[in-house]
Each structure stands twice: as C-alpha cells, then as structure tokens.
Amino acid sequence: MNKPVLTLFGAATALFLTSCGPTPQLKVKEAVLTLSPVDSNPSSYHFNVYGGPTDVYLLRVSSPSAIRTEMHDVGVDPKTGAVSMKPMTRVFIPSGEKVEFKKGGKHVMMWGVNLVPRRLGEIETEFLFSNNERILVKARVQELDGTDPDEKKALN
C-alpha cells in the first residue's frame with residue numbers, strides 16, 4: 001500500500017473509533033422520598049435525571065402509592081428575598097446533562113403517600129418524558145431525619 005492510502009485508512013479508523021463512544025442514556029437515579037411528619041402535608045421527592053441522546057422534557061412523575069404529585073421549583077424574589085415554590089408543568093432535560101431535583105431547588109411533592117412505601121422502605125414511581133419514554137424507578141423512602149420509615153408514625 002502506498003502512504004496516502006495508509007494515511008486515509010488511519011484517519012478513517014480514528015474517526016470510526018471516536019464515534020464508538022457510549023451514547024448517553026436517559027435515566028433517573030439517586031431517588032429518595034422524604035416523608036412528611038404530618039400525613040396531610042406533602043412529602044418531598046428528590047432525584048437526578050441524566051439526559052439521553054436527545055433533548056427531552058420531563059412531563060410527569062407519578063406513583064400508585066400517592067394520591068397526587070406536582071413538580072415544583074424554589075425561587076427567590078430578587079426584590080424582597082422571599083422564597084416561594086412555583087409549580088412546573090415540564091422540565092427541560094438537555095442531552096447528556098444531569099438535572100438535579102434536590103432540597104432547595106427543583107423537587108416533586110407527593111400528597112397522600114400510603115402505608116405500602118413505609119412498610120417496604122421504597123416507593124414505585126413512573127417518569128414520563130416528551131419522547132414518550134417512561135422510566136420506572138423504585139426510590140428509597142426515609143423519614144425527615146433520614147432514618148428508615150416507621151409505619152406507626154402514619155397511624156397517629
């Protein structure tokens with residue numbers, strides 16, 4: 001083989017190998033539901049969403065063990081410094097990026113969490129995205145102080 005053909009072959013091989021890297025996959029991880037100490041108040045759900053190969057929106061988080069769920073973001077009024085929560089109907093998840101749902105920021109509120117998650121120490125949730133992908137997640141359940149759930153607290 002002559003030198004120009006080898007150079008072209010080497011360049012094509014390098015290009016091919018760099019395109020063989022892992023494709024980002026849409027996923028939800030590090031999910032934890034923190035139970036409210038007052039049953040009539042909402043519990044807070046935190047997790048991380050890792051963007052996949054294309055941009056999507058998170059449209060809904062739901063659970064058969066909760067009566068109602070809402071996505072919220074915490075905001076601070078720049079004039080007054082007042083902290084407030086505002087509902088979100090969708091959250092942008094950029095391709096290959098991590099979006100955190102954490103204390104003091106984006107989160108999901110769950111009302112009416114039943115006793116099953118307290119007994120099992122986990123809750124099943126479903127995440128619906130704008131590309132029609134649904135991801136089922138089993139999240140750890142904890143009391144406000146980070147301890148394992150106690151179903152007796154829910155009966156008071």
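- How far OH of Tyr57 is from CD1 of Ile93: 10.0 Å, rounded to the nearest 0.5 Å.
- The heavy-atom pair separating Pro149 from Pro117 by the smallest distance is CG-O, 4.2 Å.
- Taking 4.5 Å as the limit, some side-chain heavy atom of Ile135 sits within range of a side-chain heavy atom of Leu26.
- Using modelled atom types, one side-chain atom of Thr125 and one backbone atom of Val137 make a donor-acceptor pair closer than 3.5 Å.
- Ionic pairing of Glu143 and Arg118 is present here: one or more N-O contacts between side-chain nitrogen and carboxylate oxygen are shorter than 4.0 angstrom.
- You'll find the side chain of Gln25 stays beyond 4.5 Å of the side chain of Tyr50, heavy atoms only.
- Nearest heavy atoms, Gly96 versus Pro24: CA-CB, 4.0 Å.
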For residues 62-69, which side-chain N or O atoms pair as donor and acceptor with protein atoms under 3.5 Å away, sequence neighbours left out?
residue: Ser63; atom: OG; partner: Ser65; partner atom: N; Å: 3.0
residue: Ser63; atom: OG; partner: Glu124; partner atom: O; Å: 2.7
residue: Arg68; atom: NE; partner: Glu70; partner atom: OE2; Å: 3.3
residue: Arg68; atom: NH2; partner: Glu70; partner atom: OE2; Å: 3.1
residue: Thr69; atom: OG1; partner: Val61; partner atom: O; Å: 2.4

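- Val116 forms part of a hydrophobic cluster together with Leu120, judged by ILVMFWY side-chain heavy-atom separations under 4.5 Å.
- Leu35 and Val38 fall into different hydrophobic clusters, where Ile, Leu, Val, Met, Phe, Trp and Tyr side chains are chained together by heavy-atom contacts under 4.5 Å.
- Within the 4.5 Å cutoff, no side-chain heavy atoms of Val28 are placed close to those of Asn48.
- Residue Leu33 holds its CG atom at 11.5 Å from CD of Glu122, rounded to the nearest 0.5 Å.
- In this structure, OG on Ser43 lies 8.0 Å from CD1 on Ile123, to the nearest 0.5 angstrom.
- In terms of the ring-ring contact (aromatic ring centres under 6.0 Å, His included) criterion, residue partners of His72 (sequence neighbours excluded) are, by chain and number, His107.
- To the nearest 0.5 angstrom, Asn114 atom CG is 9.0 Å from Arg119 atom CZ.
- Connectivity analysis of hydrophobic side chains (ILVMFWY, heavy atoms under 4.5 Å, direct or indirect) links Met85 to Val74, Val76, Val83, Met109, Trp111.
- One distance of note links OG1 of Thr54 with CD of Glu133; it measures 8.5 Å at 0.5 Å rounding.
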For this session: Test side-chain contact (heavy atoms from CB on, under 4.5 Å) on Val99 and Val91 and set out the steps.
Result: CA-CA 9 Å; Val99 176; Val91 176; 4.3 Å; yes
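- Inter-residue side-chain proximity for Val108 and Phe47 is flagged as met; some heavy-atom pair is nearer than 4.5 Å.
- In this structure the side chain of Phe101 reaches within 4.5 angstrom of the side chain of Lys106, judged on heavy atoms.
- Between Ser130 and the options Val56, Asp55, Leu58, a side-chain contact (heavy atoms from CB on, under 4.5 Å) holds for only Val56.
- The aromatic rings of Phe129 and Phe127 sit parallel, their planes meeting at an angle under 30°, below the 60° perpendicular limit.
- Residues satisfying the salt bridge (Lys or Arg N to Asp or Glu O under 4.0 Å) test with Lys98, not counting sequence neighbours, are Glu100.
- With sequence neighbours left out, the salt bridge (Lys or Arg N to Asp or Glu O under 4.0 Å) criterion links Glu126 to Arg60, Arg134.
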